[in-house]
Amino acid sequence: MEKHTRTIKNIMILFLIVVVFLIMGALSKILIPLFLAILFALMFQPIVNGMRHIKFPVFIIIPLIYIITLGGVYLVSSVMYSTGVTIADELPYLGEKFTEKLTAGVKLYNDITGSHVKANNLVNNIMKQVDRATIAQYAGMAASRITSFTSDFVMFALYYFLILAGMPRYKEFVRFVGGEKNGDTLLENYEKIHKSIVNYMIYKSLINLFLGACVYFICIFFGIKFALFWGFLMFIFHFIPTVGAVVATVPPILMALLQFDNLAPVLIIVIALFGLQFVVGNILEPKLMGKQLKINTVSVLFGLVLWGSIWGVVGMLLSVPLMVLMKLIL
């Protein structure tokens, strides 16, 4: 009877976990800005504590950090927007180069295989996929994304201010939630979670910043267009474990293929970018972060798939902090 009861209990717990994850997916519009706000507040909590330690008034600390954070987000958004406008202006040039490269590729394919594929027909078939209806559809999707981003940003800003305002008295709040018996234990667990996540985000951000700067300078050196955008893309996507860096490496290589008529510089760029990835991913990052996270590769991949399926790209970007959080709570 006891074994039967335990089995039912385990099934119910498993069912509850599934329901919780389904609810998190359904409420992603609310929970993603909330979690991002918590993550940002945790990262700035040591600064808040340090400024309070040197007797800075709280009514100056909170607005100052809040303005700096939102200013940084605005700066990043401005860079992305200006780059998007520049790319849109360069579309005729990129389309011409694409047609030229595709024609040369088809000719090479025909010479090697003895086929008679017509490049003009292939180009026309591709261009038919980019008719006015398709452009209008993508424009509508872009407008919808911009509207969604604006609403998410407003929610993030509200959450962030409220959480940041409560940071100076977080110990009292955590002890109050835990009660007289469990207050100190809950505070200890909170400190452990906070330290793990903040250390990970600091080290990961510094590594990503170094990697993004290297990609930027490589692109500048070889004259690849939109160098700042490719560097920023690497900085962001390297937060996605395993696959993010590879995905961010492909666009500058494709741009190099469009720009250069000779394959020699393209091969050098490929070697430089993937060599940089190898050095950072296999030497620098393990040495700096080896003791920061005690989760294995299987757990990282599982978290990538799990949170990516629940929250999309944002879930993939935040998969490691979320897995660390889950592990420490459990």
Enquirer: Take F21 and W311 through the ring-ring contact (aromatic ring centres under 6.0 Å, His included) test and state the conclusion after the steps.
Expert: CA-CA 10 Å; F21 281 119; W311 285 351; 9.5 Å; no
Enquirer: Stepwise, does the side chain to side chain contact (heavy atoms under 4.5 Å, CB included) test hold for Y160 with I65?
Expert: CA-CA 10 Å; Y160 181 57; I65 293 178; 3.6 Å; yes
Enquirer: Okay, side chain of Q259, backbone of G223: is any donor-acceptor separation there less than 3.5 Å?
Expert: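 Yes, because the side chain of Q259 sits within donor-acceptor range (under 3.5 Å) of the backbone of G223.
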Enquirer: Does CZ belonging to F161 count more than 12 external heavy atoms closer than 6.0 Å?
Expert: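 No, CZ of F161 has 12 or fewer neighbouring heavy atoms, counting only those of other groups under 6.0 Å.
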Enquirer: Within the 4.5 Å heavy-atom criterion, are K204 and V320 side-chain neighbours or not?
Expert: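 No, too far: nothing below the 4.5 Å cut-off.
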Enquirer: Could you state the interatomic distance from CG (L276) to OG1 (T249), rounded to the nearest 0.5 Å?
Expert: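 If I round to the nearest 0.5 Å, the distance is 8.0 Å.
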Enquirer: How are the rings of F239 and F235 set to each other: parallel, tilted or perpendicular (split at 30° and 60°)?
Expert: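 Plane angle over 60°, so perpendicular.
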Enquirer: Can you tell if the side chain of L228 reaches within under 4.5 Å of the side chain of I220, non-hydrogen atoms only?
Expert: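 Not touching, per the 4.5 Å side-chain cut-off.
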Enquirer: Please round to the nearest 0.5 Å and tell me the distance separating atom CG of L164 and atom CD1 of I38.
Expert: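 Rounded to the nearest 0.5 Å, the CG-CD1 separation comes out at 12.5 Å.
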Enquirer: Hey, could you give me the CG/CZ distance between N208 and F232, rounded to the nearest 0.5 Å?
Expert: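 CZ of F232 is found 11.0 Å from CG of N208.
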Enquirer: Any heavy-atom pair between the side chains of I32 and L318 that's under 4.5 Å?
Expert: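 In short, these two side chains do not touch, never coming nearer than 4.5 Å.
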Enquirer: Decide yes or no for I268 and F222: does some side-chain heavy atom of the first lie under 4.5 Å from some side-chain heavy atom of the second?
Expert: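 Touching, per the 4.5 Å side-chain cut-off.
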Enquirer: Locate the shortest heavy-atom distance separating L304 from P241; write the atom from each residue and the value.
Expert: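 Closest pair (atom of L304, atom of P241, distance): CD2-O, 3.6 Å.
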Enquirer: Ignoring hydrogens, what is the shortest heavy-atom contact between F237 and L317? Give both atom names and the distance.
Expert: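 Looking at all heavy atoms of both residues, the shortest contact is CA-CD2, 4.5 Å.
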Enquirer: Answer with yes or no whether the hydrophobic clustering places V270 together with V246; edges join I, L, V, M, F, W, Y residues whose side-chain heavy atoms lie under 4.5 Å apart.
Expert: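 No, V270 and V246 fall in different hydrophobic clusters.
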Enquirer: How long is the span from the CH2 atom in W230 to the CD1 atom in I218, to the nearest 0.5 Å?
Expert: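 Rounded to the nearest 0.5 Å, the CH2-CD1 separation comes out at 14.5 Å.
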Enquirer: To the nearest 0.5 Å, what is the distance between CD (Q277) and NE2 (H238)?
Expert: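 Answer rounded to 0.5 Å: 5.0 Å.
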Enquirer: State yes or no: do Y66 and I47 share one hydrophobic cluster built from I, L, V, M, F, W and Y residues joined by side-chain heavy-atom distances below 4.5 Å, directly or via other members?
Expert: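 Yes; I47 is reachable from Y66 via cluster members.
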Enquirer: Write down the atom of L233, the atom of P251, and the distance for their closest heavy-atom approach.
Expert: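 Heavy-atom minimum between the residues: CD2-CG, 3.9 Å.
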Enquirer: Please walk me through it: do L39 and M201 pass side chain to side chain contact (heavy atoms under 4.5 Å, CB included)?
Expert: CA-CA 9 Å; L39 191 62; M201 292 303 299; 4.1 Å; yes
Enquirer: For E191, look at atom CD and say whether over 12 heavy atoms of other residues, nucleotides or ligands are found less than 6.0 Å away.
Expert: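 For E191, atom CD is crowded (more than 12 foreign heavy atoms under 6.0 Å).
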Enquirer: Do L22 and M24 belong together in a cluster built from hydrophobic side chains that touch within less than 4.5 Å?
Expert: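 No; tracing contacts between hydrophobic side chains, which count when under 4.5 Å, never links both residues.
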Enquirer: Please test I240 against V247 for side chain to side chain contact (heavy atoms under 4.5 Å, CB included), starting from the C-alpha separation and ending with a verdict.
Expert: CA-CA 10 Å; I240 300 176; V247 172; over 6 Å; no
Enquirer: Taking all atoms of both residues into account, what is the closest heavy-atom pair of V266 and N262, and its distance?
Expert: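 That would be CG2-O, 3.9 Å.
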Enquirer: Count the heavy atoms of every other residue, nucleotide or ligand shown that sit under 6.0 Å from CZ of F173, and state whether that count exceeds 12.
Expert: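 Counting neighbours around CZ of F173, 12 or fewer heavy atoms of other residues, nucleotides or ligands fall under 6.0 Å, so no.
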Enquirer: Could you walk me through whether I163 and F44 pass the side chain to side chain contact (heavy atoms under 4.5 Å, CB included) test, one step at a time?
Expert: CA-CA 11 Å; I163 296 171; F44 282 101; over 6 Å; no
Enquirer: For the residue pair F156 and F40, categorise the inter-ring angle as parallel (less than 30°), tilted (30 to 60°) or perpendicular (more than 60°).
Expert: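 The rings of F156 and F40 stand perpendicular, inter-plane angle above 60°.
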Enquirer: Establish whether I17 and F302 are linked, either directly or via other cluster members, by ILVMFWY side-chain heavy-atom contacts under 4.5 Å.
Expert: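 Yes, same cluster.
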Enquirer: Using a 3.5 Å distance criterion without hydrogens, assess whether the side chain of S309 forms a donor-acceptor pair with backbone atoms of L306.
Expert: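 Side chain of S309 to backbone of L306, a donor-acceptor pair under 3.5 Å: yes, one is there.
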Enquirer: State plainly whether one hydrophobic cluster holds both F153 and I67, where clusters connect Ile, Leu, Val, Met, Phe, Trp and Tyr through side-chain heavy atoms under 4.5 angstrom apart.
Expert: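 Unlinked, F153 and I67 end up in two clusters.
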Enquirer: Using a cut-off of 6.0 Å, state whether more than 12 heavy atoms not belonging to F210 lie near its atom CZ.
Expert: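 Not more than 12 within 6.0 Å, no.
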Enquirer: Hey, could you give me the CG/CZ distance between L267 and F260, rounded to the nearest 0.5 Å?
Expert: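 Reported value, rounded in 0.5 Å steps: 12.0 Å.
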Enquirer: Does Y159 reach the main-chain N or O of L31 with its side chain, forming a donor-acceptor pair under 3.5 Å?
Expert: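 Side chain of Y159 to backbone of L31, a donor-acceptor pair under 3.5 Å: no, none is there.
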Enquirer: What closest approach, in Å, do M234 and V215 show between heavy atoms, and which atom pair accounts for it?
Expert: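 Looking at all heavy atoms of both residues, the shortest contact is CG-CG2, 3.9 Å.
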Enquirer: At their closest point, which heavy atom of P33 faces which heavy atom of M155, and how far apart are they?
Expert: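 Heavy-atom minimum between the residues: CB-CB, 4.1 Å.
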